[in-house]
Amino acid sequence: MDVVPEIADTAPIEINPADLEIDTFRSGGKGGQNVNKVETAVRILHKPSGIVVACQAERSQGRNRELAMKMLKAKLYEIEQDKKRAEIDRQYGEKGDIAWGSQIRSYVFQPYQMVKDHRTGAETSNVQAVMDGEIDMFIQAKLRGEKAAKGDKSENEV
């Protein structure tokens, strides 16, 4: 059992009739004289995805087929939306949380002066230059993807 939202008939879902396997069967339950004689229930198998939907809510096979197709389209639409959401999550998965300790750079003004990039390890003691916008050293270190060695401040100073 799966619950999917009802979608509009104009949803951009195209279903190839060759991909469908449609079976009919007799509905169960109360229904009077027709219940054991007429096959009004419909089961549709979408071969590419393996999704099976069945409908036996209505008294006519045509109406049950329409409802089953609506359910199938809604399920396929939901799968497409999940794929899109997963792609967006994958693209934005690299972003870290906005929380204490997840900053990319530390600025120390007192008792000594130092700016350190935590992603690359690049650091400088010229805080005023960085505050004036001279951050090319940090940009270059990030683009190169290098992790500066600790204690080797001579080549990283601005």
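Numbers here simply count residues along the sequence, with the first being 1. Below, all heavy atoms of this structure are taken into account, side chains as well, without hydrogens, waters or symmetry copies.
- In this structure, I15 and M69 have side chains that are in contact, with non-hydrogen atoms separated by less than 4.5 Å.
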Residues R43, V53; criterion side chain to side chain contact (heavy atoms under 4.5 Å, CB included); working and verdict: CA-CA 6 Å; R43 182 182 306 118; V53 293; over 6 Å; no
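- M137 CE to D117 CG: the interatomic distance, rounded to the nearest 0.5 Å, is 8.0 Å.
- When all heavy atoms of Q56 and A41 are compared, the pair lying nearest together is CB-CB, 3.5 Å.
- We find the CZ-CD distance between F25 and Q61 to be 10.5 Å, quoted to the nearest 0.5 Å.
- One distance of note links CZ of R85 with CD of E78; it measures 5.5 Å at 0.5 Å rounding.
- In plain terms, the two heavy atoms of M114 and V127 that are nearest each other are N-CG2, 3.4 Å.
- The pair K47-D19 does not count as a salt bridge, with every side-chain nitrogen at least 4.0 angstrom from each carboxylate oxygen.
- Atoms CD1 and OG1, from I135 and T124 in turn, are 13.0 Å apart once rounded to the nearest 0.5 Å.
- Comment: E66 engages R63 in a salt bridge, judged by a side-chain N to carboxylate O separation of less than 4.0 angstrom.
- To the nearest 0.5 Å, atom SG of residue C55 and atom CG of residue L72 are 12.5 Å apart.
- Taking 4.5 Å as the limit, every side-chain heavy atom of I104 sits out of range of all side-chain heavy atoms of F138.
- Looking only at side-chain heavy atoms (C-beta outward), R65 and I22 come within less than 4.5 Å of each other.
- Separation of atoms CE (M131) and CD (Q128) is listed at 7.5 Å; rounding is to 0.5 Å.
- Annotation: side chain of R105 is in contact with side chain of V115 (closest heavy-atom distance under 4.5 Å).
- The residue from I79, I44, L45 that alone fulfils the side chain to side chain contact (heavy atoms under 4.5 Å, CB included) condition with I51 is I79.
- Residues T40 and R59 fail the side-chain proximity criterion, which asks for heavy atoms closer than 4.5 Å.
- In this structure, L67 is not a member of the same hydrophobic cluster as Y77, with clusters built from ILVMFWY side-chain heavy atoms closer than 4.5 Å.
- Using a 4.0 Å cut-off between a side-chain N of Lys or Arg and a carboxylate O of Asp or Glu, E87 and K84 do not qualify as a salt bridge.
- Side-chain atoms of N64 come within 3.5 Å of backbone N or O of E58 as a donor-acceptor pair.
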